[in-house]
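Below is one structure, written out as structure tokens; the observations come after it.
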2 protein chains.
Amino acid sequence: MVRRTTIGDVAADAGVSTATVSRVLNGGAVTEATATRVWDAVARLEYTPNALTKGVFAGRSSTIGIVIRDLSSPFYLDLIRGADEVAAANDSHVMLANTFRRADREIVQVRTMDEQRVRGLIVTTGEATDDRTRRMAGNGTPCVIIARSVPDPPPGMHSITLDDIEAGRLMAVHLAGCGRSSVGVVASGRRTSQRKRTAGLRQALTDWGLPLPEDAVMTAETEDEVNAAVGTLLTRGRDRGKPLDAIVCTTGRLTVAVHTALTTRGIAVPGDIAFITMDDFPWATALGITVVAQPSYQMGRTAAGLVVDQPGGPVELVFAPTLVARTSCGEHHPST
Amino acid sequence: MVRRTTIGDVAADAGVSTATVSRVLNGGAVTEATATRVWDAVARLEYTPNALTKGVFAGRSSTIGIVIRDLSSPFYLDLIRGADEVAAANDSHVMLANTFRRADREIVQVRTMDEQRVRGLIVTTGEATDDRTRRMAGNGTPCVIIARSVPDPPPGMHSITLDDIEAGRLMAVHLAGCGRSSVGVVASGRRTSQRKRTAGLRQALTDWGLPLPEDAVMTAETEDEVNAAVGTLLTRGRDRGKPLDAIVCTTGRLTVAVHTALTTRGIAVPGDIAFITMDDFPWATALGITVVAQPSYQMGRTAAGLVVDQPGGPVELVFAPTLVARTSCGEHHPST
DNA sequence: ATGAAAGCGCTAACAC
DNA sequence: GTGTTAGCGCTTTCAT
């Protein structure tokens, strides 16, 4: 390994002390003449300061860590962009880690972020690492949990969630407005956000006189499970004497799978069955799929802002979802 | 800011020296009894070692940096997964940064990685940072450039590319096999990989007696430009007396845009026009879109492997693309 | 305005 | 097997 040029080398080259170089680099009080000499030396020696050392001294790096559960969800791109912009505006920068939806990976990634002494941490769901993030918050590392509300958060531990109840309600209202009356739901796992979306849907549907039976909601993780779930929902609808005329998917991650399960059965959308799902995505417009979108860019900005601003107590923010109506639920009759 | 517990605190708590604690943590020679005492102290004090300090001493962190031009391309997910797996198997870990296709962001992100003294760097294209990556390679930080072949690479600077000529050829052969004879191309920018794909396509098409006129290739970056380009290609085909019966898109990033430009014009795929594009993506199966795929997972594994193994000279690797035939080019007649 | 020197948390020789 | 000590590259008092 080559020895890299250090601040000492620059100092020697410029004929000053390391303290002076440090001052020049970080904007201390120096003569213009010395500053020039130092910058010249920096350029000549192609000096790149060691952020590790800086961090050691400060007790903290300038990196904002983001641990994402599943980078493949389009939701995260805008979130990252939002966070990145705020970081860049606060001489910080963002580092991403993906957990591939695995708890063990999440644990490792969050620990790594802690070991790196990140300036702050943004985690999506972060269920497997609640103890650690609480501790980090206690140690002065602001943690922002996305998509999960934290019970009894300590100072420095914030949460940013979507109003999932409202997301479900939006879906119900739109579906009812499109004249649909027999809804089936495909959800992912039993995380609170998923349950709330279903609950909001059910509540609003019931208010319209359209009850949503327990067995009209199924959980699925893989493509195969989704396909099976859709089949089951269809059958149950028929058995119930109320054939399904709408399918709701409560997670953007399974949109493709649900859509495929429908089309491979020769089911026309929205002719036979309406389809509505979560999270906007690049193909949604092309396919005419109606979605309930999250303000992910804004969520990313806010999350990074929380890290940078370090508000005293815990902050719990709930963002409002938006319905993006396209054609997959048929025609909407506002007055119905 | 709270003072975090240090190795000294652990040492005091366990009644040993910091050196012993370090030995326990990193697997040196210690009595089982001391080891237990130390681990107890670590647990009791919830000690998380400071990776920054470790890195200062080693002159290098254990992080592998990945700088991605555009995370929104599905290509990168598998690449990241591949790299992440290899990193995890070599007590390393991956940190991502996204440049949002902006040269200035790329420069900042790569510099940041250098400042963090990453163990190695994986960059996609990295056009704006060639000087820096070369220097990094010289400083003992292996750099792997993805999707661009590096001219005259120094030791420690590697490149992983797709056989773009072959990618173009695969498209041509498939299109010809599907009986298409008038092809229009939408490409993105003038990067070498884009040009090579077009060149490979043109060469193979010509070999089949199907020349590809210069003006049947257009460049576009935004959705609007893509839409305009498709319109122009269509018009030119008609003017030429050979109406288009196939559209090729040489970048996965513009797949949606090209597809939309086609369908909004009421053009049936493959009825009126065949459509083939680069990079497999989640919706491709559902939409029946034929693609030329890159072995991105394998590329990611290989890239991280290059960082970890540190081969002596520069390594230039070219991966083979694969045709994933679906229905968007119509029926294939192998013997034609 | 600048330098000398101490120290951030950790590892690695070197003694014992 | 364990402790002592000397740094790693940098920032920051404290003098001057």
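Heavy atoms only: backbone and side chains are in, while hydrogens, waters and symmetry mates are out. Numbers restart at 1 for each chain; the letters A, B, ... are given by sequence-line order, proteins then strands.
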| Distance-only donor-acceptor check, side chains E221(B) and S188(B), under 3.5 Å | yes
By nearest-heavy-atom nucleotide on DNA chain D, the more 5' of N50(A) and E32(B) is E32(B)
Taking the side chain as C-beta and beyond, is there a heavy-atom pair between N139(B) and R117(B) under 4.5 Å?
no
Taken to the nearest whole Å, CG/D9(B) to C1'/dC8(C) is 13 Å
Legend entry - Note, T302(A) side chain near F319(A) side chain (heavy atom, < 4.5 Å): yes
When rounded to whole Å, the CG to C1' distance for the pair L45(A) and dG9(D) reads 15 Å
*Check every strand shown and say whether S22(A) touches a base, only sugar-phosphate, or nothing at a heavy-atom separation below 4.0 Å.*
base
Picking from dG3(D), dG3(C), dT2(D), the nucleotide nearest the side-chain atoms of V16(A) would be dG3(C)
Between D130(A) and R135(A), does any NZ, NE, NH1 or NH2 come within less than 4.0 Å of an OD or OE carboxylate oxygen? no
Margin query: So V30(B), base contact, sugar-phosphate only, or nothing? Heavy-atom distance under 4.0 Å.
Written below: sugar-phosphate
From CD1 of I7(B) across to P of dG3(D) the rounded distance in Å is 12 Å
From CD of E115(B) across to C1' of dC10(D) the rounded distance in Å is 13 Å
In whole angstroms, the gap separating C1' of dG7(D) from CZ of F57(B) amounts to 6 Å
T31(A) has its side chain closest, among dT2(C), dT2(D), dT11(C), to dT2(C)
* Classify the side chain of R3(A) and the base of dG9(D) as holding, or not holding, a donor-acceptor pair under 3.5 Å. => no
Note to self: It should be established whether S17(B) places a side-chain nitrogen or oxygen under 4.0 Å from OP1 or OP2 of nucleotide dG3(D).
What the structure shows: yes
Atom CG of L52(A) and atom P of dG9(C) are separated, to the nearest Å, by 15 Å
Less than 3.5 Å between a donor and an acceptor, one on the side chain of R23(B) and one on the base of dG3(D), is that the case here?
-> yes
Is any side-chain nitrogen or oxygen of T34(A) closer than 4.0 Å to OP1 or OP2 of dT2(C)? yes
Problem set entry | N/O (side chain, T53(B)) to phosphate O (OP1/OP2, dC8(C)) under 4.0 Å | no
To the nearest angstrom, the CZ-P distance between R117(B) and dG9(D) comes to 9 Å
Non-hydrogen side-chain atoms of M136(A) and V118(A) separated by less than 4.5 Å:
yes
Rounded to whole Å, the NZ-P distance (K54(A) to dG9(C)) equals 19 Å
Between T18(B) and P49(A), the residue closer to the 5' end of DNA chain D by nearest nucleotide is T18(B)
Checking dT2(C), dT11(D), dA12(C) against the side chain of A19(B) (C-beta onward), the nearest is dA12(C)
